[in-house]
Amino acid sequence: MIFLKTDEEIELMRESNLILGKALAEVAKAIAPGVTTAQLDRIAEEFIRDNGAIPSCKGYEGYPATLCTSVNEQVVHGIPSDKVVLRDGDIISVDTCVLKNGFHGDSAYTFPVGEVTPEVMQLLRTTKECLMLGISQAATGRRIGDIGATIQNHAEKAGYQVVREFIGHGIGRDMHEDPEVPNYGRRGNGIVLKSGMVIAIEPMVMSGRRNVIIENDGWTARAADRKPAAHYELSVAVRNGKADVLSTFDYIKEVLGDRFI
Ligand code: MF3
Ligand code: CO
């Protein structure tokens, strides 16, 4: 069942997402060769709690951390660890959820660590473009399939593949609500988008084949062929006929400066 949000609820969701956007920027400040993903997790948890919010991934279906930190061929749901040390040339997807005033925010950003190859930068750029193009389709009267088709086409045109096993989702009082928001599909298919719907759009793009496996920790999804993968996510309300992006990369942009893509 899809829960449509009132204007007041959407403003509360913007507040959760604002804290989340600032938390990701705090993480961005710390990302460098030699830093562990557990250190990043502590920074994010502390920042979110200091802002009167709850890091809502922690404890979700038993997930043990605030952040999902997925490095290189890891796609999503990498668990932060003292043993995972970032190295020059890595990429890291940092994904988290924030709960405040009863509503969740959800956003993710894939960061380069130091200098990455031009090929990997191209993957990051294309994946972020997939997200932005997907968002442009989150308008009243469009369909869920329009979002998926747009993302899939853009990724495949660049020679990449999109993941099938993980998808975007509705979001609100629950982290995962209806509707499902796949990163693939056909234009004109799926439910019609209505004002008041809030969805998390999150393309996961593989530089190699789209197949993923789950590591023995029960969470980490990685490319079966171990080729790099990227992931960007924003929570978006459909409102006044068009997409109203509730999450923000603006604070990350401030931190990254001319390294922001
Ligand atoms: N933020 C993720 C999403 O986009 C949720 C992570 S699953 C969790 O749906 F278990 F880590 F919470
Ligand atoms: Co999500």
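Counting starts at 1 for both ligands and their atoms, following the listed order. What you see is a predicted model; the values in this text were computed from it and never measured.
Neighbours of the Co ion (ligand 2) restricted to protein N, O or S atoms under 2.8 Å: the count is 4.
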Where does ligand 1 get N/O contacts under 3.5 Å from the protein, atom by atom?
{"unit_1": "ligand 1", "atom_1": "1 (N)", "unit_2": "D95", "atom_2": "OD1", "d": "2.9"}
{"unit_1": "ligand 1", "atom_1": "1 (N)", "unit_2": "D95", "atom_2": "OD2", "d": "3.1"}
{"unit_1": "ligand 1", "atom_1": "1 (N)", "unit_2": "D106", "atom_2": "OD1", "d": "3.0"}
{"unit_1": "ligand 1", "atom_1": "4 (O)", "unit_2": "D106", "atom_2": "OD2", "d": "3.0"}
{"unit_1": "ligand 1", "atom_1": "4 (O)", "unit_2": "E202", "atom_2": "OE1", "d": "3.0"}
{"unit_1": "ligand 1", "atom_1": "4 (O)", "unit_2": "E202", "atom_2": "OE2", "d": "2.8"}
{"unit_1": "ligand 1", "atom_1": "4 (O)", "unit_2": "E233", "atom_2": "OE1", "d": "3.1"}
{"unit_1": "ligand 1", "atom_1": "4 (O)", "unit_2": "E233", "atom_2": "OE2", "d": "3.1"}
{"unit_1": "ligand 1", "atom_1": "9 (O)", "unit_2": "H169", "atom_2": "NE2", "d": "3.2"}
{"unit_1": "ligand 1", "atom_1": "9 (O)", "unit_2": "H176", "atom_2": "NE2", "d": "2.6"}

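A salt bridge links E11 with R239; the closest basic N to acidic carboxylate O contact falls under 4.0 Å. For D250 and K253, the salt-bridge test fails: no basic side-chain N is under 4.0 Å from an acidic carboxylate O. Using a 4.0 Å cut-off between a side-chain N of Lys or Arg and a carboxylate O of Asp or Glu, E254 and K22 do not qualify as a salt bridge. A salt bridge does not link E129 with R125: none of the charged nitrogens is closer than 4.0 Å to a carboxylate oxygen. Salt-bridge annotation for R222 and E215: present, with a side-chain N of the basic residue lying under 4.0 Å from a carboxylate O of the acidic one.
Checked against a 6.0 Å centroid threshold, the rings of F249 and Y251 do not count as neighbours.
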Y160 vs H154, test: side chain to side chain donor-acceptor pair (under 3.5 Å). Steps then yes/no. CA-CA 9 Å; Y160 303 134; H154 191 67; over 6 Å; no
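Cation-pi contact between R164 and Y184: present, with separation from the ring centre below 6.0 Å and deviation from the ring axis of at most 45°.
The 12-atom threshold is not exceeded at CD of E46, counting heavy atoms of other residues, nucleotides or ligands nearer than 6.0 Å.
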